[in-house]
Amino acid sequence: MSIVKHLQEAVVDTLSKLYNNTFTEKDFQINQTKTEFEGDYTVVLFSLVKSLKQSPDSIGNELGEGLIKNHPHLFTSFNIIKGFLNVTISDVYWISLLKRNYHDICFGKQAMNGKKVMVEYSSPNTNKPLHLGHLRNNFLGWSVAEILKANGYEVIKSCIVNDRGIHICKSMIAWQLFANGATPVSTNTKGDHFVGEYYVKFNDEYKKQIKELMDQGASEADAEKNAPIMLQTQQMLQDWEAGKPEVIQLWKEMNGWVYAGFDVTYKSIGSDFDKTYYESNTYLLGKDIVQAGLDKNVFYKKEDGSVWIDLTADGLDEKLVLRKDGTSVYITQDIGLAQQKYDQYKIDQSIYVIGDEQNYHMKVLKLIAQKLGLPYADHIYHLSYGMVELPTGKMKSREGTVVDADDLVKEMIDTARHHTEALGKVKDFDADELDALYRTIGLGAMKFYLLRVDPKKKMIFNPEDSIDFHGFTGPFVQYTYARIKSILRKQSLNNQEAVSDALLPLEKELMVVLEQFPSAIESAAAELNPSAIANYVFLLAKTFNSLYTEHSIANAETAEKRALRLQLSSMTANVLESGMQLLGINVPERM
RNA sequence: GGUCCGGUAGCUCAGCUGGAUAGAGCAUCAGCCUUCUAAGCUGAGGGUCAUUGGUUCGAAUCCAAUCCGGAUCACCA
């Protein structure tokens, strides 16, 4: 149980005894005491003033004395300043907490709770390579999965690959027109980049044709509709749906190139999935659900045969769920896929990591599921994240400002190499060890940079800041870990006399932060917010570094102090490692 | 226009279930390596928490209005 919970219970209990009434933890507030005052945690008394008809100071005195009398092992002293009751937690409490947990690499994690969650993330299109936005998505999805696991959930990571549709046909047509049979192998190009080039070529040609048609007097709308390359693409989509062998053959081949490329990228950033869905397999799902919805009068059919749902009563619009020709739309297959996920895994919760431009769509999806009375409807959760923008504005492929994932990874690893070489601390590493280290640091910096911001908010990716390895960054935390490990390699951490007379302020401060790790994991899971972990881990590293510079660990004043600080160091290293692991970031033993 | 999200230091962000003098990092300036890794530490300057009004003992935090920015409202996915 956390110290805050202990304190809440103690206050409730003491208030009840003192004032012969029932209280709950909602009747008062507990905060961490500000550093300028004496004490560890603070009970805010104002809310009690009215019901108890006493001044804050008098309540504080009675409560403070009661707390110490009833819980002498927990609290040692108190003071009251302007209506705030500052309570000091006993060193005995902190030291016994330390003793129980300093060697526990699972500190803060919950036992399995028997619940299953699916986290869907990444969800790439197979017509172009992954970019910076995908990286935010991937890191978020991975981290949220780890955070949920730490809270006792069984997690299934899934990915839906957008492998069909008009956009895929665009790359295919362009390849037919312009490639002369070139392949990734013949051009020595990574498969996803190779295909992406043809997607770009399509758009260039398309624009050219539109301009030609307009020069001949066509309206813009007509030109867009009648450009030969667009007509060819639409024909190809129909051929694909009809299963025309040579189209299917080309589609499979080009998708194969892209998958090979994605595999490399996923491997390099450490992403993987337990289950991959392909839209080419799922796009017909959901039609039977539409029929069931018609039977239940949740949906209605217009004269032309198209099927709709009226969501105007819920503040949304009328939405199409089936075209007049009977083919399904985006939302139809999403309902179908949601059903399939539930049928296959009997999941208790389904989390979708999708950008906030789809807030409306996900709202509609959930609402439709609810209206259909589907059992998983209430457990659909859209983890909506904001766009990643550049200091110059949005990324635009047209202007060539899209930050490619592979390029960025490479750049980060290169930067890590430069920094490491300049510092020259690991000259004895062999080539493999160095590669692994550069990768750990480079990826650590990148993941931390993208995860440290609240997912809901759009964020600015500043290339210069992102390769900074100082301050609020991944390498800062990694460095702190490596420093501790360096000490622990040289010092034996035998399980003895860690008792100390009194914790020094910096020792206590570190202990207080360490104690908050379980709460940090819990609230990160409740909010599905990895940035809470990033902030926590940074605070912990910073607090440790202060202690480290101020007090010697290996050469402490006494043997007891030495044991205490070694245990604090060990626990800090464990928590840093666990916390970073929740972000999908590795920590190096040396750097 | 409707709906949703955001606006906090020069920049990037915390803080938002109301609490004490609004916090970090970067950048700027001044210090600290003969001792456990200086990718570190200590300190300084830097704020009309978009604006206005309301609720209250107390508002960056809650409510309302306004201004600014973004997303979305496709028989695209």
message: Applying a 4.0 Å non-hydrogen cut-off, can you work out what A/Q234 is touching in the nucleic acid: base, sugar-phosphate, or nothing?
response: nothing
- request: Looking only at non-hydrogen atoms, find the nearest pair between A/K508 and A/D40 and report the distance.
  value: NZ-OD1, 2.9 Å
message: What contact category does A/Y479 fall into here, base, sugar-phosphate, or nothing, at under 4.0 angstrom with non-hydrogen atoms?
response: base
field: Between P of B/G40 and NE2 of A/H419, the distance in whole Å
entry: 11 Å
field: A/W251 ring center within less than 6.0 Å of A/Y278 ring center
entry: no
- request: To the nearest Å, give me how far apart CG (A/N31) and P (B/G23) are.
  value: 14 Å
task: Would you mind reading off the distance between A/K458 atom NZ and B/C68 atom P, rounded to a whole angstrom?
output: 15 Å
task: Ignoring hydrogens and angles, answer whether the base of B/A20 and the side-chain atoms of A/N86 contain a donor-acceptor pair closer than 3.5 Å.
output: yes
query: Has A/R483 got a side-chain N or O lying under 4.0 Å from the OP1 or OP2 atom of B/A38?
result: yes
- line: Using Watson-Crick geometry (N1-N3 plus N6-O4 or O6-N4) or G-U wobble (N1-O2, O6-N3), each under 3.5 Å, B/U61 is paired with none
- prompt: A/K34 side chain: which of B/A39, B/C13, B/G23 is closest?
  reply: B/G23
task: Would you mind classifying the nucleic acid contact of A/S552 as base, sugar-phosphate or nothing, using non-hydrogen atoms under 4.0 angstrom?
output: base
query: Counting any heavy atom closer than 4.0 Å, what does A/I484 reach on the DNA or RNA strands: base, sugar-phosphate only, or nothing?
result: nothing
- request: Give A/T420 one of three labels, base, sugar-phosphate or nothing, depending on what nucleic acid heavy atoms sit under 4.0 Å from its own.
  value: base
message: Looking only at the side chain of A/T33 (C-beta and beyond, no hydrogens), which of the listed nucleotides B/C26, B/G7, B/A20 gets closest?
response: B/A20
query: Within the modelled atom types, does a donor on one side and an acceptor on the other bring the side chain of A/T480 and the base of B/A39 under 3.5 Å apart?
result: no
- prompt: Base, sugar-phosphate alone, or nothing: which one does A/V453 contact when heavy atoms must sit under 4.0 Å apart?
  reply: sugar-phosphate
Dump the pairs, protein N or O against N or O of nucleotides 72-77 of chain B, anything under 3.5 Å, distances to one decimal.
from: B/C73; atom 1: O2'; to: A/D317; atom 2: OD1; distance (Å): 3.2
from: B/C73; atom 1: O2'; to: A/D317; atom 2: OD2; distance (Å): 3.0
from: B/C75; atom 1: N4; to: A/D304; atom 2: OD2; distance (Å): 2.7
from: B/C76; atom 1: OP2; to: A/R323; atom 2: NE; distance (Å): 3.0
from: B/C76; atom 1: OP2; to: A/R323; atom 2: NH2; distance (Å): 2.7
from: B/A77; atom 1: OP1; to: A/R323; atom 2: NH2; distance (Å): 3.0
from: B/A77; atom 1: OP2; to: A/R323; atom 2: NH2; distance (Å): 3.4
from: B/A77; atom 1: O3'; to: A/N162; atom 2: OD1; distance (Å): 3.4
from: B/A77; atom 1: O3'; to: A/E279; atom 2: OE1; distance (Å): 2.9
from: B/A77; atom 1: O3'; to: A/E279; atom 2: OE2; distance (Å): 2.3
from: B/A77; atom 1: O2'; to: A/N162; atom 2: OD1; distance (Å): 2.6

message: Reading RNA chain B from 5' onward, which residue's closest nucleotide shows up sooner: A/A482 or A/L316?
response: A/L316
message: Just to be sure I understand the rule, does A/F538 reach a base, reach only the sugar-phosphate, or reach nothing, if contact means heavy atoms closer than 4.0 Å?
response: sugar-phosphate
Shortest side-chain distance from A/K363, nucleotide among B/A20, B/A38, B/U3: B/U3
message: According to a cutoff of under 5.5 Å between the ring centres and under 30° between the ring planes, does A/F84 stack with the base of B/A20?
response: yes
task: Please confirm whether A/Y352 and A/Y381 have ring centers closer than 6.0 angstrom.
output: no
- request: Between B/G19, B/U37, B/A39, spot the one nearest the side chain of A/V44, thanks.
  value: B/G19
- prompt: Touch check for A/H551, heavy atoms < 4.0 angstrom, all strands: base, sugar-phosphate only, or nothing?
  reply: base
- request: Would you indicate which nucleotide in B/U37, B/C41, B/U21 comes nearest to any side-chain atom of A/K542?
  value: B/C41
- request: Using a heavy-atom cut-off of under 4.0 Å over every strand shown, decide if A/K82 touches base, sugar-phosphate, or nothing.
  value: sugar-phosphate
query: Does the gap between the ring centers of A/F476 and A/F469 come in under 6.0 Å?
result: no
- line: Protein-proximity profile, nucleotides 54-61 of chain B, B/S/- by nucleotide at the 4.0 Å heavy-atom cutoff, equals ---B----
- prompt: NA contact type, A/R590, heavy-atom cut-off 4.0 Å: base, sugar-phosphate, or nothing?
  reply: base
query: Given that both distances must come in under 3.5 Å, which nucleotide forms a Watson-Crick or G-U wobble pair with B/C26?
result: B/G10
query: Across the strands shown, which category fits A/I460 at heavy-atom distances under 4.0 angstrom: base, sugar-phosphate, nothing?
result: sugar-phosphate
- prompt: Partner of B/G1 by Watson-Crick or G-U wobble geometry, both contacts under 3.5 Å, or none?
  reply: B/C73
task: Assert yes or no for the condition that the ring centre distance of A/F461 to A/Y449 is strictly below 6.0 Å.
output: yes
- prompt: What closest approach, in Å, do A/L316 and A/L367 show between heavy atoms, and which atom pair accounts for it?
  reply: CD1-CD2, 3.7 Å
task: Would you state whether a donor and an acceptor, one from the side chain of A/T549 and one from the base of B/A38, lie under 3.5 Å apart?
output: no
- prompt: Is the centre of the A/F84 ring less than 6.0 Å from the centre of the A/F46 ring?
  reply: yes
statement: Regarding the side chain of A/S546, the nearest nucleotide among B/C41, B/U12, B/G70 is B/C41
Watson-Crick or G-U wobble partner of B/A50, both distances under 3.5 Å: B/U66
Where the chi angle of B/C33 falls, syn if within 90° of 0 and anti if not: syn
field: Touch class at under 4.0 angstrom, heavy-atom based, for A/M591 against every strand present
entry: base
statement: note: A/Y536, atom OH; B/A24, atom P; distance rounded to Å ~ 18 Å
- request: Starting at atom CD of A/Q32, determine the distance to atom C1' of B/G23, rounded to an integer number of angstrom.
  value: 13 Å
task: Can you measure from CD (A/E241) to CG (A/L284) and round to the nearest 0.5 angstrom?
output: 8.0 Å
field: Electrostatic pair A/D334-A/K366, nearest N-O below 4.0 angstrom
entry: no
field: Over all atoms of both residues, closest heavy-atom pair of A/M591 and A/K425
entry: O-CD, 3.7 Å
query: Does A/D454 come within less than 4.0 Å of A/K457, counting only side-chain N to carboxylate O?
result: no
task: Could you check whether A/S531 gets within reach of a base, just the sugar-phosphate, or nothing at all, counting any heavy atom under 4.0 Å?
output: nothing
query: Can you check whether A/Y548 stacks with the B/G40 base, using ring centres under 5.5 Å and planes within 30°?
result: no
- line: For A/S47 and A/D27, the nearest pair of non-hydrogen atoms, with its separation, is OG-O, 2.8 Å
- prompt: A/I229 and A/T233: which non-hydrogen atoms are nearest, and at how many Å?
  reply: O-OG1, 2.7 Å
